[in-house]
Amino acid sequence: MFDLLIRGATLPDGRTNQDIAIRDGRIAEVTPGITAEAREVIEAAGHLLTPPFVDAHFHMDATLSLGLPRMNVSGTLLEGIALWGELRPTLTCEAVVERALRYCDLAVSKGLMAVRTHVDVSDPALVTVEGLLEVRERVAPYLDLQLVAFPQDGFYRCREAEAALSRALDMGVDVVGGIPHFERTMEDGRASVEALCRIAAERGLRVDMHCDETDDPLSRHVETLAAQTVRFGLQGRVAGSHLTSMHSMDNYYVSKLLPLMAEAGMAAIPNPLINMMLQGRHDSYPKRRGLTRIPELLAQGIPVALGQDCVLDPWYSMGTGDLLDVAHMAVHATQMGSAADKRVLFDAVTTVPARILGLEGYGLEPGCHADMVLLQARDTAEAIRLRPNRLKVIRRGKVIAETPPERTRLSLEGRPGGVDPAEYMPRAAS
């Protein structure tokens, strides 16, 4: 007797008509035609069953704070940072917790069950750290929350950041962060990368740095990050987030840079929505997209995960908590439009960020945690195109969120009585 049996699902790798049997919160069997009984049965009816979505880059301490203390009139990264600097001294732990929990509710409704969030440690009061440590504990039954100690105002530029970052790690923050391009000089940026990698190596932690989030092609701290990764033996534990300056670098330099990143075992975490919104602000026309070189990173074998970054905060007045929105934008911005490309970008919001975060028991194989999402779509390409309803969101074998299928009733003479958006892909293209 299984606890839950899902019948007739399509899996991201293309396998169809798969049954998934679940016992004691883990996947027991994946194969067609399971005949054993189960306490609960879900008929997938050919819809796509996927592991949960994973957001490798977010700012949960700022989420849902749009308009506090005022709106970002210019829409720029720097005004957003200034606005956050005005809001930060007024924050209370209770407000941080309340907004973060509300966002986690939204995340779960979208099938998002793991988030790496950067937590600002520039204020020595560490209200944001205290709040998100509480949130991490409270959401643990339904969402894995990984915290990055992030010196938003610069590790050296902010006088209190060095000591505050150390205290945040002592309190239980998981990952070492940084923002070298925001230091006062290129040399300070280089020195911050070295110091932060040393801290991570001494503590046995992972590293995730905002790196070169600028249009300046001479902002090349990612090169330093790759070198320090090798120097401190951090291969496989380091990610560079944003990397937008790579969009503007000359091709010769990039041809040298990407192999260095690959040699260092680095991962890349671009954030298509926010990168497209904030970059290129000094351009007239043509305007740069501002998104890093995702196809070229992939061609070098560098793991690429896509992050949401922001939802309704000083930097970004939009966002839904849906990682398929992020992948949808990436398809357009990178011109990765083939079915194979879309599968890669689907992996960039599921399996790849799960590896970057080091999630245990993630996947759809026997022995994995029974965490999964049933989508109203037939395959991964359709999931990105439609950003469909999450029919079932399952955590440890229990349904924790569900949305009815989207169907529109029609009253048109001589036409069908309704429309199901998941039925529109031409068969020849699937």
Side-chain angles (χ1 to χ4, degrees), residues 55 57-110 112 115-139 143 145-154 157-161 164-165 167-168 171 173 177 179 182 210 213-214 241-242 271-279 281 307-323 325-326:
D55 189 349
H57 187 105
F58 195 62
H59 292 265
M60 199 172 286
D61 51 2
T63 196
L64 306 184
S65 66
L66 181 68
L68 299 175
R70 55 186 173 80
M71 295 294 289
N72 185 336
V73 177
S74 69
T76 62
L77 172 64
L78 292 181
E79 184 175 354
I81 292 174
L83 271 174
W84 175 245
E86 294 175 28
L87 175 61
R88 189 172 53 211
T90 72
L91 291 175
T92 65
C93 185
E94 294 76 16
V96 171
V97 169
E98 190 272 336
R99 285 199 302 268
L101 288 176
R102 285 191 67 218
Y103 180 78
C104 290
D105 295 341
L106 178 64
V108 166
S109 78
K110 301 295 185 181
L112 173 54
V115 177
R116 173 182 280 182
T117 180
H118 295 252
V119 187
D120 189 4
V121 297
S122 299
D123 186 338
L126 294 181
V127 170
T128 52
V129 173
E130 181 184 349
L132 287 182
L133 284 170
E134 178 182 337
V135 170
R136 184 177 69 183
E137 182 177 351
R138 290 176 64 174
V139 303
L143 187 147
L145 187 59
Q146 192 173 91
L147 308 183
V148 183
F150 176 51
Q152 172 75 77
D153 293 347
R157 184 171 181 168
C158 174
R159 190 175 306 170
E160 298 91 355
L165 182 138
R167 284 196 293 115
M171 291 167 69
V173 172
I179 186 168
F182 196 63
H210 288 58
E213 189 184 0
T214 170
S241 287
H242 292 291
N271 301 279
L273 296 172
I274 197 77
N275 294 157
M276 294 283 288
M277 179 67 79
L278 294 182
Q279 304 312 128
R281 289 280 176 164
Q308 178 98 225
D309 198 23
C310 303
V311 171
L312 298 171
D313 68 11
W315 295 274
Y316 192 58
S317 62
M318 299 180 68
T320 63
D322 188 348
L323 268 292
D325 280 346
V326 179

What are the two closest non-hydrogen atoms of [X] and [Y], and how far apart are they?
X: Gly177; Y: Pro151; result: O-CD, 3.6 Å
X: Leu278; Y: Gly75; result: CD2-O, 3.1 Å
X: Thr76; Y: Asn72; result: O-ND2, 3.0 Å
X: Pro272; Y: Val326; result: CD-CG1, 3.5 Å
X: Trp315; Y: Cys310; result: CB-SG, 4.0 Å
X: Thr320; Y: Val311; result: N-CG2, 4.2 Å

Suppose we screen for side-chain hydrogen bond (donor to acceptor under 3.5 Å, both in side chains). Which residues come up paired with [X], at least two apart in sequence or across chains?
X: Ser317; result: none
X: Gln146; result: Arg116
X: Asp309; result: His57, His59
X: Ser122; result: Asp120

| Looking at CZ of Phe182 and CG of Leu77, how far apart are the two atoms once the value is rounded to the nearest 0.5 Å? |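 So the CZ of Phe182 and the CG of Leu77 are separated by 8.0 Å.
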| query | To the nearest 0.5 Å, how far apart are CG in Leu91 and CG in Asp123? | reply |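 Leu91 CG to Asp123 CG: 8.0 Å, rounded to 0.5 Å.
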| query | With sequence neighbours left out, which residue pairs that include part of residues 145-154 fulfil the salt bridge (Lys or Arg N to Asp or Glu O under 4.0 Å) condition? | reply |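 Qualifying pairs: Arg88-Asp153.
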| task | Could you tell me whether the side chain of Leu145 reaches within less than 4.5 Å of the side chain of Met60, counting heavy atoms only? | result |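 They are in side-chain contact.
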By side-chain contact (heavy atoms from CB on, under 4.5 Å) - contacts of [X] (at least two apart):
X: Ala82; answer: none
X: Met318; answer: Met277, Tyr316
X: Pro69; answer: Leu83, Glu86, Leu87
X: Leu133; answer: Val129, Arg136, Leu147, Met171

| said: Taking salt bridge (charged side-chain N to carboxylate O under 4.0 Å, His left out) as the definition, give me every residue that meets it alongside Asp322, ordered by chain and number, with sequence neighbours left out. | reply: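 Arg390.
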| said: Under the rule for salt bridge (charged side-chain N to carboxylate O under 4.0 Å, His left out), what residues qualify as partners of Glu130, not counting sequence neighbours? | reply: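 Salt bridge (charged side-chain N to carboxylate O under 4.0 Å, His left out) check on Glu130 returns nothing, list empty.
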| said: Whether the side chain of Arg167 engages the backbone of Pro124 through a donor-acceptor N/O pair (distance < 3.5 Å, no angle test) should be reported. | reply: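 A pair under 3.5 Å: yes.
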Show every donor-acceptor pair shorter than 3.5 Å between a side-chain atom in residues 95-110 and any protein atom, with sequence neighbours excluded, or say none if there are none.
from, atom 1, to, atom 2, distance (Å)
Arg99, NE, Thr63, O, 3.2
Ser109, OG, Leu106, O, 2.6

| field | Candidate pair Glu79 and Arg70, rule side-chain contact (heavy atoms from CB on, under 4.5 Å), full reasoning | value | CA-CA 11 Å; Glu79 184 175 354; Arg70 55 186 173 80; 3.2 Å; yes
